[in-house]
Amino acid sequence: MMEKLTVGVNYSASAATVFAGLTFNEWVALGGLLIGLGTFITNLWYKREHLKLQRKEKGHDAN
């Protein structure tokens, strides 16, 4: 039990050290990267939904 706690504390401290060491420009770059990734995923989702609707329309028109 104590080993799990120790490992968790070590990983948490390491992550806090990394995040605390980032400069403002690095935070902004990270934010931009996350926004870009979110936009990409959103576009993929809506394109997939659009294609589903098109396929459904074509199947409906054929009947």
Side-chain angles (χ1 to χ4, degrees):
M1 178 76 176
M2 190 63 164
E3 183 179 330
K4 287 183 180 181
L5 178 64
T6 305
V7 170
V9 169
N10 284 335
Y11 281 129
S12 298
S14 296
T17 303
V18 168
F19 285 121
L22 295 178
T23 65
F24 180 73
N25 286 339
E26 291 168 333
W27 277 110
V28 171
L30 183 60
L33 179 68
L34 291 175
I35 289 171
L37 183 62
T39 302
F40 178 73
I41 291 170
T42 302
N43 285 336
L44 283 178
W45 174 263
Y46 279 103
K47 186 65 171 180
R48 182 175 154 241
E49 293 299 315
H50 179 72
L51 289 173
K52 273 199 235 177
L53 288 173
Q54 279 185 332
R55 288 184 186 125
K56 189 182 284 189
E57 271 185 20
K58 286 181 181 180
H60 181 64
D61 290 340
N63 290 335

Which donor-acceptor pairs under 3.5 Å do side chains of residues 26-37 form with protein atoms, sequence neighbours excluded?
{"unit_1": "Glu26", "atom_1": "OE1", "unit_2": "Thr23", "atom_2": "N", "d": "2.8"}
{"unit_1": "Glu26", "atom_1": "OE1", "unit_2": "Thr23", "atom_2": "OG1", "d": "3.4"}

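- More than 12 heavy atoms of other residues, nucleotides or ligands sit less than 6.0 Å from atom CD of Glu49.
- Here the options are Trp45, Phe40, Tyr46, the test is side-chain contact (heavy atoms from CB on, under 4.5 Å), and the partner is Thr42; only Tyr46 passes.
- Screening Thr6, Val7, Leu5 for a side-chain contact (heavy atoms from CB on, under 4.5 Å) with Val9, the sole residue that qualifies is Leu5.
- The NZ atom of Lys52 sits 14.5 Å away from the CD atom of Glu57 when rounded to the nearest 0.5 Å.
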